[in-house]
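Written out below as structure tokens is the structure these notes cover.
Order of appearance sets the numbers: ligands from 1, and atoms from 1 within every ligand. Note that these values count all heavy atoms, side chains included, but never hydrogens, waters or copies made by symmetry.
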Amino acid sequence: MPAPTTGPRTLYDKIWDDHVVEQKGDGLALIYIDRHLVHEVTSPQAFEGLRNAGRPVRRPDCTLATVDHNVPTVSRKNFKTVESFIDEPDSRAQCAALEENVKEFGLTYFGMTDKRQGIVHIIGPEQGFTLPGITCVCGDSHTSTHGAFGSLAFGIGTSEVEHVLATQTLLQRKGKNMRITVDGDLHEGVTSKDVMLHIIGVIGTAGGTGSVIEFAGSVIRGFSMEGRMSMCNMSIEAGARAGMVAPDEVTFNYLRGRPLAPKGEVWDRSEAYWRSLKSDPDAKFDIEVNIPASDIIPTVTWGTSPQDVVPITGVVPNPANITDPVKRASAERSLTYMGLTPNTPMEEIAVDKVFIGSCTNARIEDLRSAARIVLAAGPDAKVPSSVHAMVVPGSGLVKKQSEVEGLDAIFKRAGFDWREAGCSMCLGMNPDQLSPGQRCASTSNRNFEGRQGSGGRTHLLSPAMAAAAAMTGKLTDVRKFLGATAEANIAAGPKLKLANALELMDDDVLPPPTPEKHATSSHSLPSSETSSSVEKFTVLKGIAAPLHTENVDTDMIIPKQFLKTLKRTGLANALFYTLRKDPHTGADTDFVLNREPYTKAKILVCSGKNFGCGSSREHAPWSLKDFGIRCVIAPSFADIFRNNSMQNGMLPVALPQEECVALAEDAEAGLELEVDLEKQEVRRPNGKAPFSFTLDPFRRHCLLNGLDDIALTMQDAKAIETFEERRSEMWPWLDGFGYQGKIPLSKPNTTKKMDW
Ligand SMILES: CC(C)[C@H](C(=O)O)[C@@H](O)C(=O)O
Ligand code: SF4
């Protein structure tokens, strides 16, 4: 057994210690993964890797798949097959590929006709697949959502998806412990979404980089599981690897009776363990942030980064007041993109679309809070004809519950569009998209350029605020929908029958999955003979392209339309597509990578902080590599992007900002740089002194030798088997996740109290 952290421990330390299979030194460890969620966008290349290597999925009983990003949200009444239902060929191909893969590898799958289908981060908790104390991963950045249960949950790239499918483990470096405490009383109208947007505004989108955030304080304790999930969901927008909340009565009450949660005596045992999952009173956090609840009022974003927040009572900021030139230029660009004039009151901004949905805010409580505002507007209030407002429940079960409760009728009566479950307009990989110039009040989590559709403008806000915007046609302080008149309108509205979600989960027995081709292997790892596909990185000399942008998000590196590929290659043209192509003519712009000599760049030097923030798409490093860039130099990197790069033989070099600025000047002059990984230095032209950098020794060794993680992990087969034996003894509820025959299933407990 590896040595656990000594002394008082944080919740993160405890979960980490409980999952270390093999300590690799220098903070790096092979950790066991208890739960793996899979969706259609980031899995095809991983399954292909398994297929090519003849590897089975090691733990189908710990793996759950669904389709969410590409699915159309129109009625499925006439659904026959994915092939006939999805018009767009690439979306169709990705969904069809997942259907094939789950059959071939024998995985449990909630497909488009299954009422449990939905956004991967909604269905995991809903089913009780997500549990306290577990490690949970998915090829998706918002896996952080599941941390709300007191689990260590984080997004991974496609190479890591393959690694987990094959070995049920991951090589991970332990992050920093960060605690954000929100204490005090919240003002009326302030929700968990406002709290989180406010936090991101305070710490910035790189504020949590390298850390796992534990959310604490009376405000978080007072939130429901839905509220906690919304907060942990957006930990990724705060730059963190994961977010978590210690489990408590709220958590246990939510989980009790869920189809895949432990039952009977096993429940009692698991609950006793879960109660030990909290940070020790003297545990040390590397970073502590305290936020007074009284500082927060309903919040909305004005720009193209989630940190661009302002109270709804505020005005559009004026870039002229920003002294840092990179930041000022970014703000100016954002305002131009958003079509906003400095100093405009936020409440004067008219919207064309309202989107209530996404893994941040498409749970039952979110829809109830939006419906409440619609009711508060009065019996005859309607969404103005200039606005298209849509509600997209996060899962088939959320949809069903809302319909039993009558929420759909409230929305439809007021003129909202009521849709089927999926990611929808959060990202617009399906037909739900903004047109250029359209402005949307959105309950999702990212307001990046082009996120909801090329040229589309996104303002992030809470479900209640989104509903208020839908009713008025402009961004609106939700507090205008509170008070005596609002209460009278709600009281006079339709009587709602609050339903119990558990009663709708009648098909709680999952058939044991049976693979069509690959035998499942629960106790032996496949051989490590497959040759490594990772290119060695030793010395790289070449043209460096300068980039002066803060927060280079992954949607900017490669927009969503290119995520529909089933391959890892052919993405060179997709790199920085929206910056490289004129949206109207399709002609090349004068973006740096379109100019000589940078069309041949091998290195990218970014002078602004936070390169690669946003999604877990490995397509970002794939497209850089395909273009010919194998090294990015920047002041800081988002964690997932950094990992994804190294999985592909690429080197992310973090240097102090002033050194990045100096290298960008060399690059501007068209001079070559030389990156030497052995010596850990970046050599500059004209005899200027080199800059040193450090990379952790293990990753450096792997890159220098072109070693691939899966082959390395195969060598730890014995340790993994030993870990699994111990896991079955200590946490038996983690084996089999409720498959018939493993853990006896009883009918759900239906006594849960329901509140608005
Ligand atoms: C497609 C997926 C890789 C991506 C993510 O990781 O976040 C998506 O869910 C998103 O929200 O951009
Ligand atoms: S952030 Fe949006 S696109 Fe990504 S998983 Fe959540 S709902 Fe889907």
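- E449 pairs by the salt bridge (charged side-chain N to carboxylate O under 4.0 Å, His left out) definition with R333, not counting sequence neighbours.
- Without hydrogens or angle criteria, N610 side chain to S636 main chain gives no donor-acceptor distance under 3.5 Å.
- Of the heavy atoms in R446, only side-chain atoms (C-beta onward) come closer than 4.0 Å to ligand 1.
- In this structure, F576 has its ring center at least 6.0 angstrom away from the ring center of F627.
- Closest heavy-atom approach to atom 11 (O) of ligand 1 within the set H142, R451, E40, H121: this belongs to R451.
- A cation-pi arrangement is present between K174 and Y12, with the terminal nitrogen or guanidinium carbon under 6.0 Å from the aromatic centre and inside a 45° cone about the axis.
- Within 4.0 Å of ligand 2, heavy atoms belong to protein residues H69, I119, H121, D140, H142, S358, C359, C423, C426, L427, N445, R451.
- The nearest heavy-atom contact from the protein to atom 8 (C) of ligand 1 is H69 NE2, 3.4 Å.
- Looking at K564 against ligand 1, nothing comes within 4.0 Å, counting heavy atoms.
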Between Q647 and R642, is a side chain to side chain donor-acceptor pair (under 3.5 Å) present by the stated rule, with each step listed? CA-CA 9 Å; Q647 296 289 337; R642 205 192 31 244; over 6 Å; no
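- Regarding atom 2 (C) of ligand 1, its nearest protein heavy-atom neighbour is D140 OD2, 3.5 Å.
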Check against salt bridge (Lys or Arg N to Asp or Glu O under 4.0 Å), R439 and D352: CA-CA 5 Å; R439 188 179 300 283; D352 309 295; 5.7 Å; no
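- For residues 434-455, the set of pairs meeting the ring-ring contact (aromatic ring centres under 6.0 Å, His included) definition, not counting sequence neighbours, is empty.
- Remark: the backbone N or O of M650 is not paired with any side-chain donor or acceptor of N648 at under 3.5 angstrom.
- Close contacts between ligand 1 and S141 involve ligand atoms 5 (C), 6 (O), 7 (O) [criterion: under 4.0 Å to a heavy atom].
- Looking at residues two or more places apart in sequence or on another chain, you find a side chain to side chain contact (heavy atoms under 4.5 Å, CB included) between A421 and Q117.
- Of all the atoms in ligand 1, the ones that sit under 4.0 Å from a non-hydrogen atom of T42 are 3 (C).
- Between E618 and ligand 1 there is no heavy-atom distance shorter than 4.0 Å.
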